[in-house]
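Below is one structure; the comments refer to it alone.
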Amino acid sequence: MEQFNGVDYFNTESLLSAEEKLVRDTVRDFVSEEVIPIIEKHYREGTFPTHLIKKMGELGFLGPTLPSKYGCAELNNVAYGLIMQELERGDSSVRSFASVQSGLVMYPIHTFGSEEQKEHWLPRLAKGDAVGCFGLTEPDHGSDPGGMTTRATRKGNTFVINGAKMWITNGTIADVAVVWAKLDGEVRGFLVEKGTPGFTAPEMTGKHSLRASVTSELVFQDCDIPEENILPKSSGLKSPLMCLDQARYGIAWGAVGSAMATYDSALNYAKSRIQFDKPIAAFQITQEKLVFMLTEITKAQLLNLQLGRLKDQGKHKFTQVSMAKRNNVQFALEIARIARTILGANGILGEYPVMRHMANLESVYTYEGTHDIHTLIIGSDITGFQAFN
Ligand code: TGC
Ligand code: FAD
């Protein structure tokens, strides 16, 4: 098993509770034992390691902040963030799976669903006995989901859905899709189950990023769903945007896990690679690179921890989540690129995790609100001027 002791220059460990440390260490061991040995093969083959789903469920990684009465671990948001951080140290695809299941499927069912929907879906999703996906993005509406054209219409005691979603994580393997569609002009959430006539979820192929993640289209052609499958408390675009707040929070932590992996790889390599009769770690330029990487990781860790504490107190703003997602993903990507330079030619090999993380982060930079969109969300908050349109 690969040994990983963490990256913690400012002893942020001392700011964690015993339970938070236990959760982090459990996920860290899981990633070292179960993810890292197999992930490169899945990445090459373009497959998601589905056998990990039940294990993640058993360990309480799915929907971890939700109540225990639905079979969830009922942890705080810092512990949830640490789970995402450690999973993404393995690969962004594993964190993506868990953050979609937790933040984009279980959260909306818990927040906008009926008691029957919660009792039916949450325990299954928590255990990993069922998989969910979240359909917001459409072929012609990515950054502006409010322009969506997917429609639901009433027909007797059913809803009929027509339209298409694109770029949907977990789509093809999902038992239930949380689908956002306009009903009488208002965005509402609907639960569409796998196998419903008129619903297909073909996998998208040809990705050079997040290759170990399932990404799909969702196609609805006169897809009839029972009226009880509407999320009764969903109302307007704000509902899916609230879900994004949960998943973006997890991404902010996940990006730090990815950066820890590439920094650790570069540091170890620099200490053992000899050129001009010295380890390359002994050259000033290499040290400058490593210092930059570690400083940015440390700043991102502190940002995440304070954000998590605010979220646990119910005092955070979604614009702060935007800042953490925007900053941490940008620096994780830059850190991966610098790590690649330290590894020289070896940096492009799958034997090291660096290039895989770098390619993954290109998607992470774009999904859950692009870097530019988060700039505009924060810009709007601090100036009072909306610059989206
Ligand atoms: P706007 O007028 O700004 O907002 C409508 C209402 O929603 C509120 N709101 C939020 N509430 C909670 N959390 C957030 N993050 C929120 N953002 C906005 C807002 O206050 C307002 O409330 P109210 O009470 O005033 O009505 O709406 P807009 O149409 O102008 O939105 C603009 C914009 C750009 C902010 C928004 O549409 C946006 O965030 N676009 C980016 C789209 C995006 O992030 N898509 C992600 C799809 S899912 C995904 O990528 C999953 S990848 C997962 C993985 O594999 O890990
Ligand atoms: P566009 O919105 O077309 O943007 C293209 C470029 O224009 C970007 O650089 C953007 O920043 C810029 N731009 C757009 N508007 C503005 C503006 N107003 N001002 C300045 N610049 C602007 N979606 C889901 O619903 N569910 C999922 O599970 C999901 N999983 C995904 C998995 C992967 C691997 C990927 C790559 C995407 C996933 N997405 C998912 C979709 C993702 O959320 C969208 O790709 C993202 O929101 C951006 O939309 P777009 O790709 O259509 O880009």
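Positions are given from 1, in the same order as the sequence printed here. Every value quoted in this text rests on a predicted model; they were computed, and no experiment measured them. For ligands, and for the atoms within them, numbers begin at 1 and follow the listed sequence.
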What residue pairs, at least two apart or across chains, pass ring-ring contact (aromatic ring centres under 6.0 Å, His included) with a residue in residues 272-320? none

Hey, are Glu58 and Lys55 close enough for a salt bridge, meaning a charged N less than 4.0 Å from a carboxylate O? no

Let me have the donor-acceptor pairs involving side chains of residues 224-232, under 3.5 Å, with sequence neighbours excluded, atom names and distances please.
{"from": "Asp224", "atom 1": "OD1", "to": "Thr158", "atom 2": "OG1", "distance (Å)": "2.8"}
{"from": "Asp224", "atom 1": "OD2", "to": "Lys155", "atom 2": "NZ", "distance (Å)": "3.2"}
{"from": "Asn229", "atom 1": "ND2", "to": "Leu191", "atom 2": "O", "distance (Å)": "2.9"}

Under 4.0 Å between a Lys/Arg side-chain N and an Asp/Glu carboxylate O for Arg95 and Glu86? no

Can the positive tip of Arg28 be found less than 6.0 Å from the middle of the six-membered ring of Phe4, inside 45° of the ring normal? no

Close-range residues for ligand 2, whose non-hydrogen atoms fall below the 4.0 Å threshold: Phe134, Leu136, Thr137, Gly142, Ser143, Trp167, Ile168, Thr169, Leu210, Ser363, Thr366, Tyr367, Glu368, Thr370, Asp372, Leu376, Phe388

Say you draw a straight line from CG of Leu210 to CG of Asp91; how long is it, rounded to the nearest 0.5 Å? 7.0 Å

Check ligand 1 against the protein and report each N/O to N/O distance under 3.5 Å, formatted as atom name, atom name, distance.
{"from": "ligand 1", "atom 1": "13 (N)", "to": "Leu241", "atom 2": "O", "distance (Å)": "3.3"}
{"from": "ligand 1", "atom 1": "15 (N)", "to": "Leu241", "atom 2": "O", "distance (Å)": "3.4"}
{"from": "ligand 1", "atom 1": "24 (O)", "to": "Lys238", "atom 2": "NZ", "distance (Å)": "3.1"}
{"from": "ligand 1", "atom 1": "39 (O)", "to": "Arg248", "atom 2": "NH2", "distance (Å)": "3.0"}
{"from": "ligand 1", "atom 1": "40 (N)", "to": "Ser143", "atom 2": "O", "distance (Å)": "3.0"}
{"from": "ligand 1", "atom 1": "44 (O)", "to": "Arg248", "atom 2": "NH2", "distance (Å)": "2.7"}
{"from": "ligand 1", "atom 1": "44 (O)", "to": "Gly369", "atom 2": "N", "distance (Å)": "2.8"}
{"from": "ligand 1", "atom 1": "50 (O)", "to": "Glu368", "atom 2": "N", "distance (Å)": "2.9"}
{"from": "ligand 1", "atom 1": "55 (O)", "to": "Ser96", "atom 2": "OG", "distance (Å)": "2.9"}
{"from": "ligand 1", "atom 1": "55 (O)", "to": "Thr169", "atom 2": "OG1", "distance (Å)": "2.9"}
{"from": "ligand 1", "atom 1": "56 (O)", "to": "Arg95", "atom 2": "NH1", "distance (Å)": "3.1"}
{"from": "ligand 1", "atom 1": "56 (O)", "to": "Ser96", "atom 2": "OG", "distance (Å)": "3.1"}
{"from": "ligand 1", "atom 1": "56 (O)", "to": "Tyr367", "atom 2": "OH", "distance (Å)": "3.2"}

So does Val131 get a backbone contact from the side chain of Asp175, meaning a donor-acceptor N/O pair under 3.5 Å? yes

For Phe190, which of Phe199, Phe134, Phe159 qualifies under ring-ring contact (aromatic ring centres under 6.0 Å, His included)? Phe159

N-O pairing of Glu40 and Arg356 below 4.0 Å: yes

